[in-house]
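Predicted model only: the values in this text are computed from it and were never measured. We count residues from 1, following the sequence as given.
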Amino acid sequence: MFLFTQKRFFLFVLIVGMFLIFLKPVYAAEPCQIVPTSQISSIDQAKCLLRQPKIFGNVGLTLTSLPAPFDQLLTRPTIDISKEQLRRYLQAQGINEADIGGSLDNPVSRTNNNNPSAELARYFIIHDTSTPNFVNDPFPNNINEASWRFNNFNQYGSGDNSPAHIIINRVGDSVTRKDFNIPWRSTK
C-alpha cells in the first residue's frame, strides 16, 4: 500500500501535470456528458476530466482515448483502506485532517447540492493553475519557494469565495477552504 505525504502528493501532481502537458492526446469535438458518475465509466469520466486546462476555467475538447498509464490504472480495482489506517498514517506523517479536507469522521458531500438521495462524491479533481495562468510566459525562478506570492494561502479566498475545497501550493503545503462534506465546484 502506498500513500502520499503532502510533499510526495505535490510531486505526484507536478509530475502528472507535466506529463499531461507534453502528451499529444486525441480529442473529440463533443462536450462531456453530465450524468451521475454511477452511469458513466471511469475511463469516460477521465477522458472528460483530463481535458487541457485553459485560462479563466475553460477547458479543451474531450479526449477520445486516455494516455498510458491512465488507461490501465482506471481499470484496476480500488484498494480499501480503513479510516483508522488512514488516520494513523496521517498522524504519523504530521498531517492534520483539517488541512486535507476535514475530519475523516464526516461523510463527503453528495452530488446535486448535497441532495440526500444523490450519490456521494466518488473522486476529487486536482486543478493545476500554473499552466493556463502563465500562458506562454516562463515559470518564475522562485515558483517552488515560499517567496513566490501564489504559494501564500492568503492569495486565495475562503468560504463562499474559495476557488476550491483544498489549496495545495507548490511548496507542498495545503489548506482546507471548504470541507469535503460541503458540495462545491470550482469549474465545470
Side-chain angles (χ1 to χ4, degrees), residues 1 3-6 9-10 12-13 16-17 20 30-63 66 70 73-91 93 95-129 132-133 150 153-169 172-188:
M1 172 176 67
L3 289 174
F4 292 107
T5 63
Q6 283 178 302
F9 180 74
F10 168 72
F12 170 76
V13 170
V16 168
L20 291 174
E30 70 273 354
C32 294
Q33 282 184 286
I34 306 298
V35 297
T37 56
S38 60
Q39 295 177 12
I40 186 170
S41 74
S42 296
I43 296 215
D44 285 339
Q45 290 175 54
K47 287 177 190 175
C48 177
L49 295 170
L50 290 174
R51 294 173 291 173
Q52 180 184 11
K54 297 183 177 187
I55 198 161
F56 302 122
N58 295 308
V59 292
L61 299 173
T62 303
L63 279 73
L66 288 178
F70 296 107
L73 292 173
L74 291 172
T75 59
R76 291 184 182 175
T78 58
I79 299 171
D80 290 325
I81 300 170
S82 75
K83 178 174 36 174
E84 289 311 313
Q85 287 174 308
L86 179 56
R87 183 169 276 141
R88 283 192 303 272
Y89 178 82
L90 292 173
Q91 289 171 348
Q93 300 302 314
I95 299 171
N96 188 333
E97 292 176 28
D99 291 337
I100 59 165
S103 172
L104 295 177
D105 294 324
N106 293 335
V108 296
S109 63
R110 294 181 176 273
T111 59
N112 198 18
N113 290 322
N114 233 8
N115 181 326
S117 64
E119 66 181 323
L120 291 169
R122 294 175 54 202
Y123 49 81
F124 63 92
I125 309 294
I126 300 169
H127 301 274
D128 173 16
T129 59
N133 289 336
F150 292 107
F153 293 130
N154 293 330
Q155 293 288 321
Y156 307 98
S158 61
D160 288 341
N161 295 321
S162 175
H165 282 92
I166 300 173
I167 299 168
I168 304 169
N169 64 19
D173 298 324
S174 64
V175 65
T176 298
R177 291 300 198 211
K178 278 197 174 279
D179 285 359
F180 279 138
N181 65 344
I182 300 169
W184 194 247
R185 280 187 154 161
S186 60
T187 60
K188 290 187 177 182

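- In terms of heavy-atom proximity, Asp173 sits nearest to Phe153 at O-CZ, 3.4 Å.
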Q | Check against side chain to side chain contact (heavy atoms under 4.5 Å, CB included), Ile100 and Phe180 | A | CA-CA 9 Å; Ile100 59 165; Phe180 279 138; 6.0 Å; no
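- Taken to the nearest 0.5 Å, the CG atom of Asp99 stands 6.0 Å off from the OG1 atom of Thr176.
- With Asn96 contributing its side chain and Ala98 its backbone, the two residues share a donor-acceptor pair below 3.5 Å.
- Within the model, atoms CD1 of Ile95 and CG of Leu86 stand 9.0 Å from one another, a figure rounded to the nearest 0.5 Å.
- Remark: the backbone N or O of Ala164 is paired with a side-chain donor or acceptor of Ser162 at under 3.5 angstrom.
- With sequence neighbours excluded, the residues forming a side-chain contact (heavy atoms from CB on, under 4.5 Å) with Gln91 are Arg87, listed by chain and number.
- The structure places OG1 of Thr62 at 10.5 Å from CG of Leu50, a figure rounded to the nearest 0.5 Å.
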Q | Worked check of side chain to side chain contact (heavy atoms under 4.5 Å, CB included) between Ile168 and Ser174 | A | CA-CA 4 Å; Ile168 304 169; Ser174 64; 3.9 Å; yes
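- Nearest heavy atoms, Leu120 versus Val108: CD2-O, 3.5 Å.
- Distance alone, capped at 3.5 Å, places no donor-acceptor pair between the Tyr156 side chain and the Asn161 backbone.
- Here Ser117 pairs with Asn115 under the side-chain contact (heavy atoms from CB on, under 4.5 Å) rule; sequence neighbours left out.
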Q. Lys83 and Asp105: side chain to side chain contact (heavy atoms under 4.5 Å, CB included), yes or no, with the steps?
A. CA-CA 8 Å; Lys83 178 174 36 174; Asp105 294 324; 3.1 Å; yes
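- Between Leu61 and Arg51 there is no side-chain heavy-atom pair separated by less than 4.5 Å.
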Q. Going through the distances and angles, do Lys47 and Leu66 end up as a side chain to side chain contact (heavy atoms under 4.5 Å, CB included)?
A. CA-CA 6 Å; Lys47 287 177 190 175; Leu66 288 178; 3.9 Å; yes
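- The two residues Ser109 and Pro183 have their closest heavy-atom pair at CB-N, 3.4 Å.
- Across Asn106 and Asp179, no two heavy atoms sit closer than the pair ND2-OD2, 4.3 Å.
- To the nearest 0.5 Å, atom CG of residue Asn114 and atom CG of residue Asn181 are 7.5 Å apart.
- Looking at residues two or more places apart in sequence or on another chain, you find no side chain to side chain donor-acceptor pair (under 3.5 Å) involving Asn113.
- For Arg110, the side chain to side chain donor-acceptor pair (under 3.5 Å) test picks out no residue, with sequence neighbours left out.
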